[in-house]
Protein chains: 2
Amino acid sequence: MNKLTIKDIAKKFNVSISTVSKALNDSYEISDATKEKIQKYAKENNYKPNFNALSLKNRSTKTIGIILPTMLNYFFAQVFNGIEKTALERGYKVITCISNESYDKELEIIEMLSNGSIDGFILSMSKETEINANFSHFQETIENGIPIVMFDRVASAIECDKIITDDFNGALNTVEHLYKSGHRKIGFVSTLSNLHIGQQRFLGYKKGIETVGLPFNEEYVINIIDTDYKKYEEILSPFLKKNKLDSIITTGESAAVASMKAALKLGYQIPKDMSVIAFSNGILARHSSPKMTTISQHGELMGETAATILIDRLENKLTDFTKKVIKTDLVIRDSSK
Amino acid sequence: MNKLTIKDIAKKFNVSISTVSKALNDSYEISDATKEKIQKYAKENNYKPNFNALSLKNRSTKTIGIILPTMLNYFFAQVFNGIEKTALERGYKVITCISNESYDKELEIIEMLSNGSIDGFILSMSKETEINANFSHFQETIENGIPIVMFDRVASAIECDKIITDDFNGALNTVEHLYKSGHRKIGFVSTLSNLHIGQQRFLGYKKGIETVGLPFNEEYVINIIDTDYKKYEEILSPFLKKNKLDSIITTGESAAVASMKAALKLGYQIPKDMSVIAFSNGILARHSSPKMTTISQHGELMGETAATILIDRLENKLTDFTKKVIKTDLVIRDSSK
DNA sequence: ATGAAAGCGCTAACAC
DNA sequence: GTGTTAGCGCTTTCAT
């Protein structure tokens with residue numbers, strides 16, 4: 001019942017614990033005979049070195065702390081997946097906590113884990129943190145020798161490794177794509193205008209409009225904030241109606257679904273009368289009717305990249321801080337022409 | 001940079017480490033004066049007792065191992081959420097690993113964490129494990145003194161705490177509901193017929209059909225297995241056409257979405273000509289057109305319950321093994337009449 | 001080739 | 001009221 005320790009093995013063979021330790025670690029100091037019998041016994045009895053003893057000794061836990069704003073969002077779930085996969089491959093485990101978009105919770109989590117529980121953090125900060133630009137907890141963590149890798153929602157004021165989506169060009173390229181396929185009244189629906197990524201997407205949209213030579217019309221842009229997705233449709237319906245748009249880009253899937261529903265109710269056909277393209281990672285896009293054309297964000301790759309960078313840093317394979325930009329892909333489905 | 005330890009504090013005040021330890025733990029043995037100055041200093045310098053040292057000493061890590069088949073599924077993400085929330089409230093953290101429906105991976109994860117990394121497991125086994133009925137790794141873990149709480153996909157052969165959905169009655173009640181609202185040709189679409197939960201849902205359906213006094217017709221049941229969701233629609237279209245069903249129950253959201261699409265293409269109106277009801281947790285149901293009536297599964301509650309039970313067990317508040325059944329709720333939306 | 005001992009950071013039983 | 005010591009499980013340096 002109680003775990004087998006090095007001490008038990010030592011007693012069993014009437015040797016010292018250091019002999020056992022060395023034998024198990026295949027030290028040249030130990031005779032083949034002893035090594036063999038000890039290793040055999042250890043294997044048969046399913047010996048495993050105690051994790052906490054090792055961590056204490058090595059001052060390294062081989063575990064990564066992940067802080068996510070939520071798990072109930074396909075993007076973050078995908079990022080988690082990428083981190084977990086890469087971490088396991090490289091012999092690390094992950095402790096995952098959810099901030100629920102709350103600064104206090106985020107702080108609490110960081111404090112809770114900054115006691116030798118983890119070697120480093122991978123995180124995307126909470127909305128509250130970003131909006132209040134309250135970054136001192138990150139700074140302190142780093143100063144205490146715990147590296148942080150930020151992804152998606154990153155703090156430019158903090159010096160650390162960062163992985164971001166190419167939101168700007170994702171939006172810009174989409175505008176160009178829509179223009180080339182004949183659209184001239186391109187709208188922009190944002191539910192993220194209070195976040196940096198939302199602003200980047202907007203700026204990319206605006207730049208795109210300029211690039212193709214269309215006039216920028218503020219009326220074609222709507223920011224929906226602090227609103228439940230259930231209200232999106234009723235907010236978007238008049239917006240679409242008034243502006244007679246022939247296409248819209250949305251910063252997320254829910255808004256795109258609501259836009260399509262509103263448009264269909266207004267008698268539009270999609271994509272004939274209106275194209276809808278959303279920043280997305282997935283699930284709704286593939287199941288909506290019509291299936292949604294998306295600016296795809298590669299959450300899993302983002303997670304893999306974040307884990308690789310953090311582990312490389314922990315293993316001293318990195319010097320300067322990196323800022324990796326993950327390109328988006330325009331995935332053409334049936335909601336755009 | 002390097003973490004403050006009890007030793008550093010002892011040196012600072014020229015006292016012994018045990019004095020510091022006692023002072024920090026507010027022992028009655030220590031004078032108020034020393035306690036105060038030491039506690040103050042500790043607080044100011046952000047002292048935190050080393051996690052690994054504590055775990056080693058107490059033989060308890062206050063961390064829970066979670067093994068999920070996937071995170072890219074709203075149900076499991078919800079369960080995770082419930083576990084993480086409850087765990088944190090009770091002072092536990094969670095290490096989360098993904099089995100990807102693979103037995104080998106599941107085994108590997110269990111072995112990796114069974115070295116004092118965690119105090120107990122909460123898991124839902126992989127499909128492969130369930131299909132091959134390969135449960136010895138669970139048995140051994142429990143025998144080694146590491147408690148397991150299983151949820152959703154549970155092994156009846158293993159004696160441990162279990163939380164399951166009331167799949168049987170969820171299906172049965174839905175059949176009765178459909179019958180009462182005038183449906184007579186009720187179909188059943190399963191994508192989980194190789195899992196126990198899928199069988200329970202089917203048995204509930206069958207029992208329901210008997211209960212309301214309809215003839216059980218095998219033709220009205222279709223099992224889709226090892227097939228990508230993209231193919232669902234083309235598989236379901238002839239099935240719906242041939243049987244002229246007036247309603248179907250599906251074991252999951254994707255199949256329900258595909259059914260609706262197939263039905264609409266066949267010229268059916270939903271719910272006028274056909275009602276669709278799915279076992280579900282969410283996301284697609286609320287965004288589909290029409291919005292989906294669901295047999296809702298309460299993933300978050302399941303997670304909270306699992307965490308509560310595991311922690312109670314770890315803290316010796318439990319004796320006999322419990323088997324908690326979580327009721328489903330029929331959430332009426334627009335895909336059924 | 002093997003063992004003794006120190007130390008990772010902490011607690012607690014037992015001195016003083 | 002404060003200090004000494006042993007021990008949690010392990011590695012590693014330094015004897016032997």
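In the text below, chain A, chain B and the rest are named by the order of the sequence lines, each starting its count at 1.
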Please report, rounded to the nearest Å, how far the [atom2] atom of [N] is from the [atom1] atom of [X].
{"X": "A:Leu56", "N": "D:dC8", "atom1": "CG", "atom2": "C1'", "value": "9 Å"}
{"X": "A:Ile30", "N": "C:dG3", "atom1": "CD1", "atom2": "C1'", "value": "9 Å"}
{"X": "B:Ile9", "N": "C:dC10", "atom1": "CD1", "atom2": "C1'", "value": "12 Å"}
{"X": "B:Lys3", "N": "C:dG9", "atom1": "NZ", "atom2": "P", "value": "11 Å"}
{"X": "A:Glu36", "N": "C:dA1", "atom1": "CD", "atom2": "P", "value": "15 Å"}
{"X": "B:Asp26", "N": "C:dT11", "atom1": "CG", "atom2": "P", "value": "13 Å"}

Donor + acceptor pair across side chains of [X], [Y] (<3.5 Å):
{"X": "B:Thr34", "Y": "B:Ser31", "answer": "yes"}
{"X": "B:Thr129", "Y": "B:Asn134", "answer": "no"}
{"X": "B:Thr19", "Y": "B:Ser16", "answer": "yes"}

Any pair with a residue in residues 109-120 of chain B that passes side-chain hydrogen bond (donor to acceptor under 3.5 Å, both in side chains), sequence neighbours left out, goes on the list, sorted by first then second residue, please.
B:Thr61-B:Asp119, B:Asn115-B:Ser117

Among pairs that include at least one residue of residues 37-51 of chain B, which meet side-chain hydrogen bond (donor to acceptor under 3.5 Å, both in side chains), considering only residues two or more places apart or in two chains?
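side-chain hydrogen bond (donor to acceptor under 3.5 Å, both in side chains) check on residues 37-51 of chain B returns B:Asp26-B:Gln39, B:Lys40-B:Glu44.
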
Would you please name every residue forming a ring pair (Phe, Tyr, Trp, His ring centres under 6.0 Å) with B:Tyr103, sequence neighbours left out?
B:His137

For A:His298, check ring pair (Phe, Tyr, Trp, His ring centres under 6.0 Å) against everything at least two apart and list the hits.
none

Which angle, rounded to 10°, do you find between the first-five-pair axis and the last-five-pair axis of the helix from C:dA1-D:dT16 to C:dC16-D:dG1?
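Roughly 60°, once rounded to the nearest ten degrees.
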
With a 4.0 Å cut-off on heavy atoms, is A:Thr34 in touch with a base, just the backbone sugar-phosphate, or nothing at all?
sugar-phosphate

Base, sugar-phosphate, or nothing for B:Tyr28, non-hydrogen atoms under 4.0 angstrom?
sugar-phosphate

Quick one: does any side-chain atom of A:Glu84 pair with a main-chain N or O of B:Ile98 as donor and acceptor, under 3.5 Å?
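Side chain of A:Glu84 to backbone of B:Ile98: a pair is present.
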
Protein heavy-atom contacts under 4.0 Å, written 5' to 3' over nucleotides 10-16 of chain D as B (base), S (sugar-phosphate only) or - (none), form the string BBBBB--

Between A:Phe75 and A:Thr70, is any pair of side-chain heavy atoms under 4.5 Å apart?
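No, their side chains stay 4.5 Å or more apart.
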
Does the side chain of A:Ser31 get closer than 4.0 angstrom to OP1 or OP2 of C:dA1 through an N or O atom?
no

